[in-house]
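See below for the structure under consideration.
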Amino acid sequence: MHPTDATTTLTLTRPDDWHLHVRDGDVLGTVVPHTAAQFARAIIMPNLKPPVTTVEQAQAYAGRIRAVLPPGSDFTPLMTLYLTDRLDPAEIRRAGATRAATHQAPIVAAKLYPAGATTNSDAGVTDIRRIYPVLEAMQREGLLLLVHGEVTSPDIDLFDREAVFIEEQLIPLRRDFPELRIVMEHITTREAAHYVRDAGPHTAATITAHHLLFNRNAIFTGGIRPHYYCLPVLKRETHRLALVEAATSGNPRFFLGTDSAPHPAHLKEHASGCAGCYTAHAALEMYAQAFDAAGALDKLEGFASFHGADFYGLPRNSGTRTLQRMDWQTPTQFPFGAAELKPLQGGETLPWKLLPA
Ligand code: NCD
Ligand code: ZN
């Protein structure tokens, strides 16, 4: 059946989230169940303080995530390591071994944060050439490289940092490691969408719901709106349109990654507010809205449920989830340890609702 304007329900194979932040400690109990209610698996970002740099830390972190799952949930956290200048290639070999066994928490990728690019990236890589032995080990082990694709130089305009990263860093990296599977995370520009489209079978990208729905005006509408501030920052409308085109193109190298990134509300509503938008509680609904607006609901299942698993070389999920066209009002806040968490579009009306499993 082809979804149309009149489509009122949309059933998808169970989807996965290929880029997610859940933090640690007592906030896990709020955010992990939101994701587990929507997705079968999620790639868990390692930018904790201190970062997740060893197999042992990743496995322990996975255990803490599993401990807050609702009873009966079969959600699987897919773990990642945080690349630093000093990571030992032997750690990559140990990570590779977690994929062979039927691990409850396989480590499937490592994340490259250019030092200083975003939240908790101080320990990130200062020069990609320093980690070439690690990248060689990853290419050998079949671990994916996940990239935060922005240069960090203060001389480069904030809105140009993704495009400059592609030219200065990603193109040489791609050339030097032709077999390494690379995911450019949360792309935000036409340059990135076109680069990934043309970069061959081993390069993919995740796209967030908020970058499909909003352009940079959202940050400044009627006053400064810190809950729309994330990195890479929202861009102008031409870029949003290029992202929508990529996501709805059916190209299997574009797939869903929410980059849901919770921060306590008081640190977002702050003179130096944190970067990150919280969308985990309504992620599929937001993606459905974006695909619907583009007249491309028929492309949502590939993007949300197939392309990521295929690129990672993991099995597709069984089972389905159903979205219904119905207006509903999103919650304005959630408990977040001793603080509160304000989601993106809190209190607003969304046109699609995920039905309970
Ligand atoms: C993320 C976070 O808060 O951890 N923030 C964000 O704005 N996306 C980090 C990241 O993915 O860049
Ligand atoms: Zn992120």
Side-chain angles (χ1 to χ4, degrees), residues 16-25 27-28 30-32 34-35 39 42-52 61 65 77-83 109-125 144-152 158-159 161-162 165 169 182-189 192 204-214 216 218-219 225-235 243 255-270 272-280 283 286 308 336-337 339 341-344:
D16 302 304
D17 183 350
W18 299 97
H19 183 118
L20 177 68
H21 303 265
V22 294
R23 316 302 186 202
D24 205 353
V27 308
L28 288 176
T30 293
V31 301
V32 171
H34 287 165
T35 290
F39 298 103
I43 292 282
I44 308 296
M45 286 294 130
N47 62 330
L48 302 182
K49 265 190 155 145
V52 179
Y61 185 27
I65 293 168
L78 300 171
M79 307 310 290
T80 60
L81 296 183
Y82 182 114
L83 296 174
K111 178 74 189 268
L112 169 65
Y113 290 101
T118 186
T119 306
N120 297 350
S121 63
D122 313 347
V125 173
L144 278 74
L145 176 67
L146 314 182
V147 182
H148 183 109
E150 289 190 287
V151 293
T152 54
L158 183 80
F159 290 93
R161 288 182 186 174
E162 186 172 279
F165 180 88
Q169 312 272 344
I182 300 176
V183 184
M184 197 175 176
E185 298 289 345
H186 43 53
I187 60 168
T188 63
T189 57
T206 54
I207 307 180
T208 78
H210 44 288
H211 287 95
L212 294 175
L213 287 170
F214 303 108
R216 64 193 189 181
I219 311 170
R225 294 181 174 240
H227 296 287
Y228 287 85
Y229 174 56
C230 65
L231 287 170
V233 73
L234 293 170
K235 303 295 192 298
L243 299 177
F255 42 86
L256 185 157
T258 61
D259 193 22
S260 177
H263 291 275
H266 66 276
L267 293 185
K268 286 198 65 68
E269 299 166 359
H270 189 274
S272 174
C274 296
C277 300
Y278 188 71
T279 56
M286 292 185 192
F336 195 64
L341 172 61
K342 293 195 188 167
L344 194 70

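Since we're looking at a predicted model, the values are computed, not measured. One-based numbering, in listed order, for ligands and for the atoms of each. For the numbers below, each heavy atom of this structure counts, side chains included, while hydrogens, waters and symmetry mates do not.
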So the protein N/O/S atoms within less than 2.8 Å of the Zn ion (ligand 2) come down to His19 NE2, His21 NE2, Asp259 OD1
In this structure, OG1 of Thr188 is separated from CG of Leu231 (nearest 0.5 Å) by 9.5 Å
Check: Are the side chain of Asn120 and the backbone of Asn47 linked by a donor-acceptor contact shorter than 3.5 Å?
Finding: yes
Quiz prompt | Pro262 backbone acceptor or donor facing Lys268 side chain under 3.5 Å | solution = no
With sequence neighbours left out, the residues meeting side chain to side chain donor-acceptor pair (under 3.5 Å) with Asp24 are Arg64
NE2 of His148 to OG1 of Thr118, rounded to nearest 0.5 Å, is 5.0 Å
Output for ligand 1, non-hydrogen cut-off under 4.0 Å, lists His19, His21, Arg23, Asn47, Thr118, Thr119, His148, His186, Cys230, Leu231, Asp259, Ala261, His263, Ala275, Gly276
Residues at least two apart in sequence or cross-chain that pass side chain to side chain contact (heavy atoms under 4.5 Å, CB included) with Ala42, listed by chain then number, are Asp17, Leu20, Thr35, Ile44, Phe75
Please state whether the rings of Tyr278 and His34 are parallel, tilted or perpendicular, taking 30° and 60° as the class boundaries.
tilted
Q | Ionic contact status for Lys235 with Glu162, cut-off 4.0 Å | A | no
Checklist entry - Under 3.5 Å, side chain of Thr152 to main-chain N/O of Ala117, donor-acceptor pair present? => result no
